[in-house]
Amino acid sequence: MYYQLYQAYLIIQRLLANFPVNNNPLELRISPLLSEANNTLLTTLQLIQQPQVNEHHLKYLLSVIYRNDEALDPLTRAWGRASLWMDSASPTVIHERLKWYKAYKKELEQLVPNVKSLYGEEEARYIVPPLYRKEVGA
Amino acid sequence: MSWKKPRVDVNLYSQGDVDDWKYSTCNICSIGCGCYIGVKDNKIVGIKGNEDHSINRGRLDPKGENQWYANNSPDRLVTPLIRKEGQLVAASWDEAMNLIVEKTKETLQTIGSDGISFYSTGQGTLETYYTIAKIGRAGLRSHLLDANTRLCTATTEWCLFESFGADGVPASFDDVDLTDTMMFFGHNPAETGTVFFERIMERKRRTGKPYIIVVDVRKTLTAKEADLFLQLKPGTNLALLNGIQHLMVKNGWVDESFIKNHTVGYERMKHAVEPWTLSNTVEVTGVPEENIRQAAQIIGKTNSLVCTTLQGTYQSADATSSCVAINNIHLIRGLIGKPGNGPLHMAGQPSSSGNRTVGGVGTYPGNRNPSNPKHIEEMAKLWNVETSDLEVGPEKGIEEIIHLMEQEKIGLFWNINTNPMASLPNRERARKAFEKTFVVVQDPFLTETTEVADVVLPPAIWGEKEGTLENADRTINLLTKAVDPPNGVKSDFDILLDFAERMELKDKDGNPLIDYTTPEECFEEWKNVSKGRPSDMSGITYEKLRYYNGLRWPVNEEHPMGTTRLYTDFNFHTYPDDAQSYGKDLYTGRPRTKSEFEAIQANGRAIIYDTHYVPPVEQPRHEYPFWLTTGRLVWHWHTRTKTGRSPYLQMIAPEGYVEINIVDAEQLGILPGELVNIATPRGSINVPARVVDTVQPGLVFIPFHYGTWENNQSANELTVDFTDPLSKQPTFKQSSCRIKPLRNQVTVSESGSLEEIAELNGLTLEDLARVNQLTPPYRADIGDQIEVPLSRVNVDIPPYMPYRNIETFPHFNQAYRSPDDD
């Protein structure tokens, strides 16, 4: 779990390092989400290094991380389209950032088995949104 | 009774008397007018209004009057079609349904349950929607159930969740008959709900009430009747509402006692609107200071207020936040739950709210929260399935589903009675996505969407099936079957039952998941599901609906005759285990956890929010200097699948066009009716120009009804596919574009003077001069290149205004004008 969360944290750090890119209005909405992801991931990393993990608090933090990305994902995709259409950032920069957003999502998907093993299938459903945890052949 | 006098509108074409007039409800817009269907020899030959129905007292919208022509259209599909070697070919129902079943099973195995998506409509019956919900959620375990209601009224749902904890518009049409003040915010009922508007105007002519405020970017037919019209810049709805809230707070036009006893969140809202001074609001919105001041004063002091919203709000930037701001206004004045008061966020389609209510789209049936384990358990018990079969979490909107299609994560997309290849924004993107998926289209006609279908199923339409509809004010109305559908055609409901049977969908005891066989039996099951929930319909029967001409939910033991308005006890659905959703952050759209919702401590009180303005994502700039907005005409419905088959409606408004302000047309040398090219970064179309003063300079308007793949008039070739962060409703109303007249070049020769060139091209000399920006005395030398319009047509769209004497009030009129205007 630590590995995926840390990787996710590094990606968010990278995304925050060159932000805002073009001051598109969507960045006004993306900004608090990136900050929230950053703070929540950091708190979670600190929490899981404690000798006794507060599972209730961890559940809340994980719930926030996933819900945060549920909101972030469509906004960043829209930002990509808007920036290309408005020619307000270089296509290389846009595609690079979209690649990192996608990589971030991937980390969260890879985290799912850990969440399930920690909380069980049923409870994990209320932490992780469906599209991150759906398995083939349901 | 609402209207002073009935007036029975009739549209009938019959040789000899009709055999019968069958009880029904109009199936076009969201008003829900009662009607009778004229039948002769098992064929629909006309329609007349139901004079006993309180909603319309016999009146009908022009589209409603003409809807029956589609039933008899010779191009009705009467057999399923399957795509073979690139062509759609006729197939039997067995072949088509077995193929769908095969693809469904294959998708479940290869992608999983979220590889299946239903995309339905706002024009269907509650019974069809409920069956989609049960099959989709309990049978296939998918949570990708969406509908064209996403494009229409998803924002209604989300603003109601946010402020009041559950869906259901607080006010009703009865409140419109009582109120002192009405504000139409981005709502043009004179064209989108003519019977509703006529009802308001009839009272206004009689009593002088209500005082009407209209907020719109265009001088619509509704705006022409306003006492106060606020014409704002595109995408600034929330800025204006923040400015109005600012003035209300500043002047103490608030009900402190109501705020204290029945709401939470006021201080945050107060803080948020602090910067929205008059001068800031004027600068952002472009509305004159005095008009804003007057609007705030009227709203702040009126004894009663009904605010309506529609696509001008829902399809604009800050959609949900703007509707929440309107809820805020009602809450800080305590103008809710009382006669003549309350927000009345409208619906567009005849039963879009019904789809939400019974769970065909949005949350679980009966306003149940998909993130609340207790609600999931209730549904599992009611449907006799395992709780783990029912998916958790908020729904996905169509833009997100298209994204999944692009990634080839959708194996089966079942499209029911809607035409997304004409109605979705940025439709070229949508088309490419659809082409990556197995698409089933259920539609009575070949449409732009059947062109990307793998299977087409022909369903029955209005007058050929029974069921119930929910209109814009929670009224449930009855549709009855007037005639049999054409041979080979089945109702949506029967198609779904057939699918469930072929899929052998079972409950947890091994019994068929769907055990009802008729819409009425389905409704009886739904009544049980709804019991005790906000949309309780346990007190309704088909017979009662017919007898009383519709009833507003909740209808139960406590309210056997329905409920005129919600929240009369000021007790809102904001207890955590009552709420239909834990809501989302209003600024980012981030879904809240249960504990975050609990932390608000609303517990029965309404929630007032701080609303923060974010400008539209795409804005005019050098390459694309104009705002583009899209919308409807009074004469057509959606993509004209039905209204385009009425000879009368089609003749009045046969093709697409663009409305451009006189000043802009002058500057670009565009003649009225001249063919122009409108281009955005997504695509371009060619349409004639309609030069008007109803759009403001810098803005153009294109009706979205038109555009096959071939004729290049579709507004959605141009529109952006950005969505509201909460409701996921697309922002159709704000894109940027450029305009270029399409011209031929003519060389001036010895034998061809300017006068002759003008005459040859059907132009006056002045027109030709304008096109070429020549100044008098007009002259050209031999060899000069002269431009002439490629084509020119008369774009004359007559208004429909039975409530207005056109001769007496021919011009735009406003009660108040700023001295700065002079």
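A note on names: the letters A, B, ... follow the listed sequences, proteins ahead of strands, and every chain is numbered from 1.
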- Whatever's closer than 4.5 Å to a heavy atom in chain A on L404(B) counts as side chain

- Of the backbone (N, CA, C, O) and the side chain (C-beta and beyond), which part of P591(B) lies under 4.5 Å from a heavy atom of chain A, both, or neither? both

- For I116(B), is it the side chain, the backbone, both or neither that has a heavy atom under 4.5 Å from a heavy atom of chain A? neither

- Heavy-atom distance under 4.5 Å to chain B: side chain of L28(A), backbone, both or neither? both

- Among G115(B), P681(B), P394(B), single out the residue with the greatest number of heavy-atom pairs under 4.5 Å to chain A. P681(B)

- Task: Flag the pair E70(A) and K584(B) as a salt bridge only when some basic side-chain nitrogen lies within less than 4.0 angstrom of an acidic carboxylate oxygen.
- Result: no

- Query: Quick one: what part of S371(B) sits under 4.5 Å from any heavy atom of chain A, side chain, backbone, both or neither?
  - Reply: backbone

- Task: Count the heavy atoms of every other residue, nucleotide or ligand shown that sit under 6.0 Å from OH of Y119(A), and state whether that count exceeds 12.
- Result: yes

- Message: I'd like to verify something: which residue of D721(B), V720(B), T723(B), T680(B) has the highest number of heavy-atom pairs under 4.5 Å with chain A?
- Response: D721(B)

- For K105(B), does the NZ atom have more than 12 heavy-atom neighbours from other residues, nucleotides or ligands under 6.0 Å away? yes

- Query: Tell me, side chain or backbone of E36(A) under 4.5 Å from chain B's heavy atoms, or both, or neither?
  - Reply: side chain

- Looking only at non-hydrogen atoms, find the nearest pair between Y587(B) and R29(A) and report the distance. O-NH1, 2.7 Å

- Which atoms of K396(B) approach chain A - backbone, side chain, both or neither, heavy atom under 4.5 Å: side chain

- Which atoms of P616(B) come close to chain A, meaning under 4.5 Å heavy atom to heavy atom: side chain ones, backbone ones, both, or neither? backbone

- Query: With a cut-off of 6.0 Å (strictly less than), are more than 12 heavy atoms of other residues, nucleotides or ligands near NZ of K374(B)?
  - Reply: no

- Query: For T387(B) and R125(A), which heavy atoms make the closest approach, and how far apart are they?
  - Reply: O-NH2, 3.0 Å

- Item | Verdict with supporting geometry, E400(B) and R77(A), side chain to side chain contact (heavy atoms under 4.5 Å, CB included) | CA-CA 10 Å; E400(B) 288 157 314; R77(A) 288 188 294 101; 4.0 Å; yes

- Residue among S736(B), P373(B), P370(B), G397(B) with most heavy-atom pairs under 4.5 Å to chain A: P373(B)

- Heavy-atom pair of closest approach, residues P130(A) and D114(B): CB-OD2, 3.8 Å

- Query: Highest number of heavy-atom pairs under 4.5 Å with chain A: which of K728(B), H612(B), E399(B)?
  - Reply: E399(B)

- Within-4.5 Å side-chain heavy-atom neighbours: P25(A) and Q619(B): yes

- Message: Rounded at 0.5 Å granularity, tell me how far CG in N24(A) sits from CD in E618(B).
- Response: 9.5 Å

- Message: Show the nearest heavy-atom pair for residues R592(B) and R67(A), with the distance to one decimal.
- Response: O-NE, 4.1 Å

- Could you walk me through whether T593(B) and K59(A) pass the side chain to side chain contact (heavy atoms under 4.5 Å, CB included) check? CA-CA 11 Å; T593(B) 65; K59(A) 182 181 162 184; over 6 Å; no

- Could you tell me whether Y3(A) atom OH has more than 12 heavy atoms of other residues or ligands within 6.0 Å of it? no

- Nearest heavy-atom approach of N372(B) to Y126(A) is C-CE2, 4.2 Å

- Query: Any idea which heavy atoms bring R621(B) and W85(A) closest together, and the distance?
  - Reply: NH2-O, 3.1 Å

- Item | Distance (rounded to the nearest 0.5 Å) between N68(A) CG and T588(B) OG1 | 7.5 Å

- Task: Taking the side chain as every heavy atom from C-beta outward, state whether Y60(A) and E596(B) have any atom pair closer than 4.5 Å.
- Result: yes

